[in-house]
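Structure first, commentary second.
Positions are given from 1, in the same order as the sequence printed here. Not measured: the values here are computed from a predicted model.
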Amino acid sequence: MSDFISWLSGNIQGTPFIILCLGAGLYFTARTLLLQVVNIPDMLRQIIRGEKSESGVSSFQSLMISLAGRVGTGNIAGVATAIAFGGPGAVFWMWAMAFLGSATSFIECTLGQIFKERDRDTGEYRGGPAFYIEKAYRHTGAKGISLVYAIVFSLVTVLAMSFFLPGVQANGISVSAFGAWGLPQWISTVVILVLLMLIVVGGVKRIATFAGLVVPVMAVIYILAAIVVMFVNADQIVPVFSEIFSSAFGMDSVYGAIVGLAVQWGVKRGLYSNEAGQGTGPHAAAAAEVSHPAKQGFVQAFAVYVDTLFVCSATAFMILSTGMYRVYSDAVEDPSQILTQGPGGLADDVPVGPGFAQAGFDTFLPGVGASFIALSLFFFAFTTIVAYYYMAETNLTYLMRWVPSHQVRRALVWVLRVLMIIAVAIGGLATTTGNAWALGDIGVGAMAWLNIIAILVLQVPAMKALKDYRRQKREGLDPQFDPRPLGIRNAEFWEERADARAAGGDGGRPKVDALD
């Protein structure tokens with residue numbers, strides 16, 4: 001079974017997958033005229049000056065929900081794994097994936113906003129790939145195909161978010177806690193489960209509030225700690241960047257033989273971390289209260305930068321500048337295949353994963369590194385599990401639109417919660433991480449294949465929204481969205497809002513609270 005899981009993971013995220021991710025990012029970068037650079041002011045403005053309502057969270061809260069899903073074990077253990085199996089050059093390809101993926105994230109998240117709708121039970125906004133896959137061309141002859149594709153994506157996402165992916169995060173928490181304090185893994189697992197249930201039963205608003213409080217604080221603390229390590233190891237800044245760039249293209253003779261693995265692991269772990277194109281970002285984007293879909297597209301494009309260029313880079317520098325890493329000649333955690341070893345003298349019993357970062361930080365404050373990384377990983381990974389639940393429930397909600405009974409729908413939600421509890425328990429108690437990461441890669445890869453192909457086909461509404469936003473900005477307006485003049489069909493939410501605005505109403509936004 002283990003061999004089959006590894007085989008399936010390798011095939012789903014093989015060379016065609018790498019080409020798809022990088023190719024889509026490059027295409028959308030050109031198609032949006034370098035949006036990820038040109039529109040940085042719009043990204044920052046919307047984060048600061050958003051608004052919220054009883055139905056929708058603010059752009060900042062939506063960003064935090066998104067970052068809760070993006071910033072997790074992948075930012076610590078994932079970076080270490082990329083370096084171990086791809087060499088320092090994998091970090092460059094993580095950066096490349098983030099830069100190009102920012103444009104991809106804009107497209108998918110703008111589509112999520114355009115085709116969002118209100119939940120009939122809670123009144124909250126819901127949206128995501130399943131919604132825009134079904135609705136974008138519902139008026140055409142491809143209606144049946146779109147519906148089947150949307151249902152397949154929802155089923156895959158529910159399974160990935162509730163069962164395949166939570167185990168990796170829970171395992172990262174329990175393993176790092178055991179390494180730092182000798183805490184039995186079952187205790188960490190119980191704590192995770194109790195906190196998880198307290199939060200998820202409160203719905204998207206409680207998830208948004210929790211993420212808004214925890215994510216920015218921990219991310220800032222973690223990045224500041226990495227900056228301190230950078231200053232302490234200032235003499236290593238130039239050598240670290242030199243090693244990253246030279247090994248990324250095979251110019252370093254030591255890593256020349258694994259340049260292909262650098263690209264593969266950089267893209268794989270880059271996607272695992274920032275999730276650009278995976279289809280997770282649109283769920284959080286759809287929950288936001290904005291006057292124009294492109295606004296939230298910008299916010300989610302910026303989320304990719306925060307995740308990879310800031311948090312992942314912080315981890316990479318801590319590991320590389322202190323020399324606390326090993327590089328393997330193949331994607332097999334086998335000490336006999338060591339290609340080279342960092343100059344810091346990493347202990348032989350330090351496994352690939354959080355231990356690399358813990359050892360690196362320990363060189364700065366001996367005895368503190370393990371605890372600091374364990375705490376950071378707890379908050380990062382736990383908020384990711386919470387975000388996974390939100391996305392799983394959103395897709396379950398989509399599938400339940402054909403279930404007329406409210407009682408049955410509530411029962412299915414509790415089935416989902418039980419499934420996630422089982423996944424967290426299994427992952428938290430596992431003593432090895434090989435299958436957990438492989439299952440996670442299968443979940444990420446399957447979602448990305450389905451979603452990237454979908455947005456390549458469905459990109460037109462997002463591009464029209466971007467063009468409309470830029471036109472209104474040039475005219476000195478605060479962009480407002482009406483899909484009909486743009487020829488965008490089936491965006492009923494925005495049609496109703498535009499009609500209400502034209503009639504002098506509030507545009508369907510109950511009790512809007514301005515945050516600026």
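Atom CG of residue Leu419 and atom CG of residue Leu412 lie 12.0 Å apart, to the nearest 0.5 angstrom. Once rounded to the nearest 0.5 Å, the distance linking CD1 of Ile488 with CD1 of Ile114 reads 4.5 Å. Rounding to the nearest 0.5 Å places CH2 of Trp265 at 10.0 Å from CD1 of Ile18. For the atom pair OG1 of Thr104 and CD of Gln300, the computed distance is 13.5 Å after rounding to the nearest 0.5 Å. Here the CG-CD distance, from Asn490 to Glu495, works out to 8.0 Å after rounding to the nearest 0.5 Å. Rounded to the nearest 0.5 angstrom, Leu458 CG and Ile453 CD1 are separated by 11.5 Å.
Proximity of the aromatic rings of Phe106 and Phe298 is defined here by a centroid distance below 6.0 angstrom, and this criterion is met.
With Glu117 as the fixed residue, the salt bridge (charged side-chain N to carboxylate O under 4.0 Å, His left out) test singles out one of Arg497, Lys135, Arg126: Lys135. For the ring-ring contact (aromatic ring centres under 6.0 Å, His included) test with Trp494, the passing option among Phe115, Tyr125, Phe481 is Phe481; the others fail.
Side-chain atoms of Tyr132 never come within 3.5 Å of backbone atoms of Ala454 as a donor-acceptor pair (strictly under, hydrogens ignored). Without hydrogens or angle criteria, Glu393 side chain to Val413 main chain gives no donor-acceptor distance under 3.5 Å. Checking side-chain atoms of Asn171 against main-chain N and O of Gly167 turns up no donor-acceptor pair under 3.5 Å. Judged purely by atom type and a 3.5 angstrom limit, Ser9 has no side-chain atom pairing as donor or acceptor with the backbone of Ile5. Under a 3.5 Å cut-off, the side chain of Ser162 and the backbone N or O of Val158 do form a donor-acceptor pair. At least one donor-acceptor pair under 3.5 Å links the side chain of Gln13 to the backbone N or O of Asp441. Counting only distance, with no hydrogens or angles, the side chain of Ser102 and the backbone of Ala98 share no donor-acceptor pair below 3.5 Å. Between the side chain of Gln185 and the backbone N or O of Gly428 there is at least one donor-acceptor pair closer than 3.5 Å. Formation of a donor-acceptor pair under 3.5 Å by the Thr110 side chain with backbone atoms of Ile107 is not found in this model. Under a 3.5 Å cut-off, the side chain of Thr308 and the backbone N or O of Tyr305 do not form any donor-acceptor pair.
Salt bridge status for Glu496 with Arg118: absent, with no side-chain N to carboxylate O gap under 4.0 Å.
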Practice task
Show the numbers, then the answer: is there a side chain to side chain contact (heavy atoms under 4.5 Å, CB included) between Leu100 and Phe28?
Solution key: CA-CA 8 Å; Leu100 298 176; Phe28 288 129; over 6 Å; no

Handout entry: Worked verdict on Asn451 versus Met447 for side chain to side chain contact (heavy atoms under 4.5 Å, CB included)
Key = CA-CA 6 Å; Asn451 184 61; Met447 288 179 63; 5.9 Å; no

Exercise for the section: Kindly determine whether Leu196 and Phe382 satisfy side chain to side chain contact (heavy atoms under 4.5 Å, CB included), including the steps that lead there. Expected result: CA-CA 8 Å; Leu196 179 65; Phe382 181 72; 4.1 Å; yes

Exercise for the section: Walk me through it: do Leu396 and Met161 pass the test side chain to side chain contact (heavy atoms under 4.5 Å, CB included)? Expected result: CA-CA 11 Å; Leu396 181 62; Met161 293 287 124; over 6 Å; no

Problem - Chi angles and distances behind the salt bridge (Lys or Arg N to Asp or Glu O under 4.0 Å) call for Asp499, Arg484 - result: CA-CA 11 Å; Asp499 289 341; Arg484 289 164 296 193; 2.7 Å; yes

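Using a 4.5 Å cut-off on side-chain heavy atoms (C-beta onward), Pro479 and Lys473 make contact. Taking the side chain as every heavy atom from C-beta outward, Thr280 and Tyr388 never approach each other to under 4.5 Å. In this structure, the side chains of Leu35 and Arg470 come closer than 4.5 Å at one or more pairs of heavy atoms. In this structure, the side chains of Val424 and Tyr389 stay at 4.5 Å or more apart for every pair of heavy atoms. Two residues are said to be in side-chain contact when any heavy atoms from C-beta on lie closer than 4.5 Å; Pro483 and Arg489 fail this criterion. At least one side-chain heavy atom of Ile452 sits less than 4.5 Å from a side-chain heavy atom of Cys21. Counting only heavy atoms from C-beta outward, the side chains of Phe153 and Asn395 approach each other to under 4.5 Å.
The two residues Ser291 and Asp478 have their closest heavy-atom pair at OG-OD1, 4.1 Å. Here the closest non-hydrogen pair linking Met197 and Ile421 is SD-CD1, 3.5 Å. Of all heavy-atom pairs spanning Gln46 and Lys295, the tightest one is OE1-CD, 3.2 Å. Between Cys312 and Ser273, the closest heavy-atom pair is SG-OG, 3.1 Å. The two atoms that bring Ile385 and Ala170 nearest to each other are CD1-N, 4.0 Å, heavy atoms only. Residues Glu108 and Gly279 share a closest heavy-atom pair of OE1-N, 3.3 Å.
Residues Asn75 and Tyr222 bring no donor and acceptor atom of their side chains to less than 3.5 Å of each other. Using modelled atom types and a 3.5 Å distance limit, the side chains of Gln472 and Asp468 yield a donor-acceptor pair.
Ring geometry, Tyr398 versus Trp402: the interplanar angle exceeds 60°, so the pair is classed perpendicular (tilted spans 30 to 60°).
No more than 12 heavy atoms of other residues, nucleotides or ligands shown are found within 6.0 angstrom of CZ on Phe163. Residue Ile145 qualifies as open at atom CD1: its count of foreign heavy atoms under 6.0 Å is 12 or below. Within a 6.0 Å radius of CH2 in Trp186, no more than 12 heavy atoms belonging to other residues, nucleotides or ligands are found.
Cation-pi geometry between Arg269 and Tyr272 is met: the NZ or CZ atom falls under 6.0 Å from the ring centre, inside 45° of the normal.
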